[in-house]
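Below: one structure, written as structure tokens.
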There are 2 protein chains.
Amino acid sequence: MGITKTDSFTTNQNELATLFKALAHPARIAIIEFLLKNEKCICGDIVDELPLAQATISQHLKELKNANLIIGTIEGTAICYCLNQEVFSELNNKINLITNQLITKNNSKCC
Amino acid sequence: MGITKTDSFTTNQNELATLFKALAHPARIAIIEFLLKNEKCICGDIVDELPLAQATISQHLKELKNANLIIGTIEGTAICYCLNQEVFSELNNKINLITNQLITKNNSKCC
DNA sequence: TTTATATATTGCAATATTACGATTAATATA
DNA sequence: TATATTAATCGTAATATTGCAATATATAAA
């Protein structure tokens, strides 16, 4: 049906999937890399950097904001975006946990 | 247009986004967690575990396989799936890199 | 060989995503 | 106040994803 059966899964599973979904587009990865490299993080700079229309960039920024991966601060007529270290750290921890479990259990793997 | 402008981004950006996309569904997170917990990793067990039709599970497994996140081994009439430690480790490293960069640069953040 | 079991594939309907032009909203400046 | 600048929102077209019933495929067992 093209709709996800959210009710069938745990909150944790849904939240993790939502985070991954926000990261699941090369433009959004590019935005994150841009924000990593640049101290100044004005929205217009991202529009200049990427070959996408302003409306499209704005939409991608909105998704990153919804996932709480970035934070926007109004600076006069411009908006300054930056990465939310806390959420990236949490995501990092979760993936670390999975990977470490995987490495530890490696001996009992069946294929 | 609903199609991603893949050509506009680097190989690394596209590959990372593809990995995240494969992880961007609660059912696929649930499958990964199931494979983490269970030594036996028969496809049928996953179908019993999750409230989705067999065809749907099969589709999700296919996406995880395409992303190389899981490996399937034929065992008679059944198929034994397990997580691909190598790819999880690579993903873990990439996210570690981003997070560490973020923590280090924290002093120069603009918002 | 027939039958049962396990998984993949196909076809389709419902919904979501991506992209952009046009417009709107809000602030700064002349 | 009028105008320019910056970013968000709206509307729409094209494409992708999710989910399932039905069917196909492949192997094991009788």
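With rounding to whole Å, B:F9 atom CZ is found 11 Å from C:dA19 atom C1'. B:I57 has its CD1 atom 16 Å from the C1' atom of C:dT9, to the nearest Å. If you take CG of A:D45 and P of D:dA7, they are 8 Å apart, rounded to a whole angstrom. A:L61 has its CG atom 13 Å from the P atom of C:dA19, to the nearest Å. Atom C1' of nucleotide D:dA26 and atom CD of B:E75 are separated by 16 Å, given to the nearest angstrom. For the pair A:I70 CD1 and D:dA8 P, the computed distance is 9 Å after rounding to whole Å. Taking atom CD1 on A:I42 and atom P on C:dT27, their separation rounds to 16 Å, with Å as the unit. The distance between atom NZ of B:K5 and atom P of D:dA13, rounded to the nearest whole Å, is 19 Å.
With DNA chain C read from its 5' end, the first of the two nearest nucleotides for A:G76 and A:A53 is the one closest to A:A53. Residue order along DNA chain D, read from the 5' end via each residue's closest nucleotide, puts A:A78 first among A:A78 and A:T6. The 5' end of DNA chain D is approached more closely, in terms of each residue's nearest nucleotide, by A:Q59 than by the other of A:Q59 and A:T4.
A single hydrophobic cluster is seen to contain both B:L83 and B:I74, as judged by linkage of ILVMFWY side chains at heavy-atom distances under 4.5 Å, directly or through other members.
If you check every strand for non-hydrogen atoms under 4.0 Å, A:A55 touches a base. Residue contacts for B:S58: at a heavy-atom cut-off of 4.0 Å it reaches a base atom on one of the strands shown. Residue contacts shown for B:L52 are limited to sugar-phosphate atoms, with no base heavy atom under 4.0 Å away.
Looking at A:D45 and A:N38, their side chains never bring a donor and an acceptor atom within 3.5 Å of each other. Residues B:T104 and B:Q101 have side chains that never bring a donor and an acceptor to within less than 3.5 angstrom of each other.
Counting only distance, with no hydrogens or angles, the side chain of B:N14 and the backbone of B:T10 share a donor-acceptor pair below 3.5 Å.
Taking 4.0 angstrom as the limit, B:K65 places a side-chain polar atom (N or O) nearer than this to OP1 or OP2 of C:dA8. Regarding contacts with the backbone of C:dA26, every side-chain N or O of A:T77 stays at 4.0 angstrom or more from both OP1 and OP2. Contact annotation: B:H60 side-chain N/O to D:dT17 OP1/OP2 distance is not under 4.0 Å. Look at A:Y81 and you won't find any side-chain N or O under 4.0 angstrom from OP1 or OP2 of D:dT6. At D:dT17, none of the side-chain N or O atoms of A:K21 fall inside 4.0 Å of OP1 or OP2 (strictly under the cut-off).
Contact annotation: side chain of B:Q54 to base of C:dA8, donor-acceptor pair present below 3.5 Å.
Looking at B:I103 and A:S89, their side chains come closer than 4.5 Å, going by heavy atoms from C-beta outward.
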